[in-house]
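What follows is a set of notes on a single structure, which appears directly below.
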Amino acid sequence: GFIWNTMLKAFVRGNRVQDSIFLYKLMLENGFVCIDNYTYPILIQGCSLSLSEFGGIEVHDHVVKMGFDGDVYVVNNLINMYSVCGHIGDARKVFDGSPRLDFVSWNSMLAGYVTEGNIEEAKLFYTQMPKRNIIASNSMIVLLGRSGRLSEAHQLFKDMVEKDMVSWTALISCYEQNLMYKEALDLFFTMRQNGISVDEVVFVSVLSACSYLLSFKIGELVHSFVIRFGFESYVNLQNALIHMYSRCGDVLAAQKLFNNGCFLDLITWNSMISAYMNYGLVVKARELFDSMPEKDVVSWSSMISGYAQLNKFSETLALFHEMLHQGVKPDETTLVSVVSACAQLAALDQGKWLDAYIQKNG
RNA sequence: UGUCUGGUUGACCCU
């Protein structure tokens, strides 16, 4: 069975959930022998990643019929799948009905409450845990931070007998989410002083704080750390650096990173486009936009809102129509810019048309 | 060969 499972995993990793289901059906036709306790966690994981609740429910059904519903790995994946699909009640049913639970089961269930933002349940559940662990505590820190309860988050952090890099990063993010970027940076430097190891995630997070503070000097310093630690080729770090430099007034540094970068992704392109637009470099932005291998709604919105910011309202409307023509669905951000363009141009008929569009599309 | 926690891009608002 492990050959089949390996193929299944390859499909799931490649975000090809339909193919994984198809392969699973072939496995069924092959007489079940290739289906084992490794098979379902992979399938369920695929449903989680693609938020396919209906696929997940179907797979859950098979799990029961095939008698794998006592496998703790299967159970944990089911809990996770129902949680990320927003069916926390079903996750809890799996949890409560499972003959066997381990600390991952508890962590997964807790993570469900955290995703949901359910402080009460999460706190209750956390106190009910047979044995707390770093991952559970880290989840709680995130939840408290997201809910604006910074002092509670900090207290929990301080009370942890063991902390890891994620605990520190989670607390740094808490400060950032509550717009306390200075404190976030301080915490990063404390983290370094305490000799805690760092990874690319920490740096991305810290660079984000620099961007908000418009702190070129610290941003540059962090960039030097990034190089010293050998993380400079990570796409997400390049994206964070491009964003930081553009926010902090050095669009040329951003451009240099973009031009020298390899393995760039959509976010890189989008960041560079909005960087150019923020500096009024419309032609450069448009060149990039037109040469993008693929665009998403953020690419379009960056251009459209950029035009609106620069008072180029007819360009705003023109690009919006182009967007619709290409079958890209605008979101709220896009529409805000378009509405303001209509208002500025006193384009009453366009405005009416847009109003009808918004009514029709919710 | 399988499961749980932290991070990056667009308008407005907030700061």
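Throughout, a chain's letter reflects where its sequence line sits, starting with A, and its residues are numbered from 1.
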Q: Sugar-phosphate atoms are those with a prime plus P, OP1 and OP2; base atoms are the rest. Using that split, label each nucleotide of nucleotides 10-15 of chain B B, S or - for protein heavy atoms under 4.0 Å, 5' to 3'.
A: BBS-B-
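Taking atom CH2 of A:Trp168 as the reference point, atom P of B:G6 lies 19 Å away to the nearest angstrom.
Each of A:Phe95, A:Tyr113, A:Tyr126 was compared with A:Trp106 under the ring-ring contact (aromatic ring centres under 6.0 Å, His included) criterion, and only A:Phe95 meets it.
Across residues 215-230 of chain A, not one residue has a non-hydrogen atom less than 4.0 Å from an atom of RNA chain B.
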For residues 187-204 of chain A, which side-chain N or O atoms pair as donor and acceptor with protein atoms under 3.5 Å away, sequence neighbours left out?
residue	atom	partner	partner atom	Å
A:Thr190	OG1	A:Asp186	O	2.8
A:Arg192	NH1	A:Ile196	O	3.2
A:Asp199	OD1	A:Val201	N	3.1
A:Asp199	OD1	A:Val202	N	3.2

Could you list the donor-acceptor pairs under 3.5 angstrom formed between side-chain atoms of residues 241-263 of chain A and any protein atom two or more places apart in sequence or on another chain?
residue	atom	partner	partner atom	Å
A:Tyr245	OH	A:His223	ND1	2.7
A:Ser246	OG	A:His243	O	3.3
A:Arg247	NE	A:Ser211	O	3.2
A:Arg247	NH2	A:Ser211	O	3.3
A:Asp250	OD1	A:Leu252	N	3.4
A:Asp250	OD1	A:Ala253	N	3.0
A:Gln255	OE1	A:Tyr276	OH	2.5
A:Gln255	OE1	A:Lys284	NZ	3.1
A:Asn259	ND2	A:Gln255	O	3.4
A:Asn260	ND2	A:Lys256	O	3.3

Under 3.5 Å, side-chain donor or acceptor atoms of residues 318-330 of chain A against the rest of the protein: list the pairs with distances, not counting sequence neighbours.
residue	atom	partner	partner atom	Å
A:His321	ND1	A:Leu317	O	3.0
A:Glu322	OE2	A:Gln326	NE2	2.7

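Side-chain proximity of A:Tyr73 to B:U5, B:U3, B:C4: nearest is B:U3. Closest approach to the A:Val166 side chain among B:G6, B:C4, B:U8 is made by B:G6 (side chain taken as heavy atoms from C-beta onward).
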(Q) Wobble G-U and Watson-Crick pairs count when both distances are under 3.5 Å; given that, what is the 5' to 3' dot-bracket string of RNA chain B, with | for pairing to other strands? (A) ...............
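A:Val104 comes within 4.0 angstrom of a base, heavy atoms only. Contacts of A:Asp164 with the nucleic acid, taken as non-hydrogen atoms under 4.0 Å apart, are absent.
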